[in-house]
Amino acid sequence: MNQGLRTVIYPVGDLANAKALFGKLLGAEPYADEAYYVGFRIGEQEIGLDPNGHKQGMTGYWHVDDIRRYLQALVEAGAVVLDDVRDVGGGRLIATVKDADGNLIGLLQPSS
């Protein structure tokens, strides 16, 4: 099942300043606060701050229940795998493809 675009990543240059700004904007404290990622959850939506995001060019992830199945379906439809499935911690899996127009599509399978 595709749960929609539920994770939005903002590439940031100054993680501390971005964390303060988004904390005020969202009226919340981060649930994850690491040197490589700061994450906020507002209802079902995740807002992430990534100090390496400018290099990756990724700004969002489609949440899916079977990442390998969706990745295969996108490849069969003409997408090219940029980053194969990998665990980013706690069983959370991500992958990235590029479509024929050069758009990046991120997939995320939440941990069970």
Side-chain angles (χ1 to χ4, degrees):
M1 174 165 71
N2 182 330
Q3 299 173 11
L5 186 64
R6 293 179 47 189
T7 299
V8 177
I9 306 294
Y10 286 90
V12 298
D14 185 327
L15 193 57
N17 283 344
K19 180 173 73 171
L21 183 142
F22 277 86
K24 295 291 185 191
L25 173 67
L26 302 170
E29 293 294 318
Y31 79 89
D33 191 352
E34 303 293 337
Y36 58 87
Y37 183 79
V38 172
F40 296 88
R41 284 204 181 109
I42 307 300
E44 296 290 319
Q45 185 74 48
E46 178 162 346
I47 306 297
L49 309 175
D50 184 349
N52 299 304
H54 289 97
K55 291 183 257 175
Q56 296 172 341
M58 178 53 52
T59 58
Y61 291 92
W62 291 85
H63 287 224
V64 297
D65 63 349
D66 184 342
I67 195 167
R68 287 176 175 79
R69 180 171 56 87
Y70 275 90
L71 184 62
Q72 182 62 37
L74 292 174
V75 168
E76 290 171 2
V80 174
V81 175
L82 295 180
D83 294 309
D84 207 351
V85 177
R86 66 184 167 103
D87 190 316
V88 292
R92 178 180 268 202
L93 305 176
I94 64 170
T96 308
V97 300
K98 185 189 305 189
D99 72 8
D101 293 307
N103 298 303
L104 300 181
I105 300 169
L107 300 174
L108 184 152
Q109 179 179 312
S111 56
S112 305

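The structure presented is a predicted model; accordingly, all values stated were derived computationally and were not measured. Note that these values count all heavy atoms, side chains included, but never hydrogens, waters or copies made by symmetry. Heads up: numbering here begins at 1 and tracks the sequence.
Here the closest non-hydrogen pair linking Trp62 and Gly4 is CE3-C, 3.4 Å. Residues Leu107 and Tyr61 approach most closely at O-CD2, 3.6 Å, considering heavy atoms. Residues Lys98 and Leu82 come closest through the heavy atom pair CB-CD1, 3.9 Å. When all heavy atoms of Tyr31 and Arg92 are compared, the closest pair comes out as OH-NH1, 3.9 Å. Taking all atoms of both residues into account, the shortest heavy-atom contact from Gly90 to Ser111 is O-CB, 2.9 Å. The two atoms that bring Ile67 and Gln109 nearest to each other are N-OE1, 2.8 Å, heavy atoms only.
Not a single salt bridge (Lys or Arg N to Asp or Glu O under 4.0 Å) links Asp84 to another residue, sequence neighbours left out. With sequence neighbours excluded, no residue satisfies side-chain hydrogen bond (donor to acceptor under 3.5 Å, both in side chains) with Arg41.
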**OP:** Go through the steps for Tyr70 and Asp65 under the test side-chain contact (heavy atoms from CB on, under 4.5 Å), then give the verdict.
**Re:** CA-CA 9 Å; Tyr70 275 90; Asp65 63 349; 3.8 Å; yes
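Leu15 is not listed as a side-chain neighbour of Tyr36, based on a closest heavy-atom distance of 4.5 Å or more. Taking the side chain as every heavy atom from C-beta outward, Asp83 and Ile94 never approach each other to under 4.5 Å.
Rounding to the nearest 0.5 angstrom, the gap separating the OG1 atom in Thr96 from the CG atom in Leu74 is 11.0 Å. Interatomic distance, Leu49 CG to Asn17 CG, rounded to the nearest 0.5 Å: 11.0 Å. Taking CG of Leu26 as the reference point, atom CD1 of Ile42 lies at 4.5 Å (rounded to 0.5 Å). Distance check, rounded to the nearest 0.5 Å: CD of Gln3 to CD of Glu44 gives 8.0 Å.
Other residues, nucleotides and ligands place more than 12 heavy atoms under 6.0 Å from the CZ atom of Arg69.
Taking hydrophobic clusters as Ile, Leu, Val, Met, Phe, Trp and Tyr residues chained together by side-chain heavy-atom distances below 4.5 Å, Leu104 does not share a cluster with Val80.
For the side chain to side chain contact (heavy atoms under 4.5 Å, CB included) criterion with Leu71, the lone passing option out of Val97, Val64, Leu93 is Val97.
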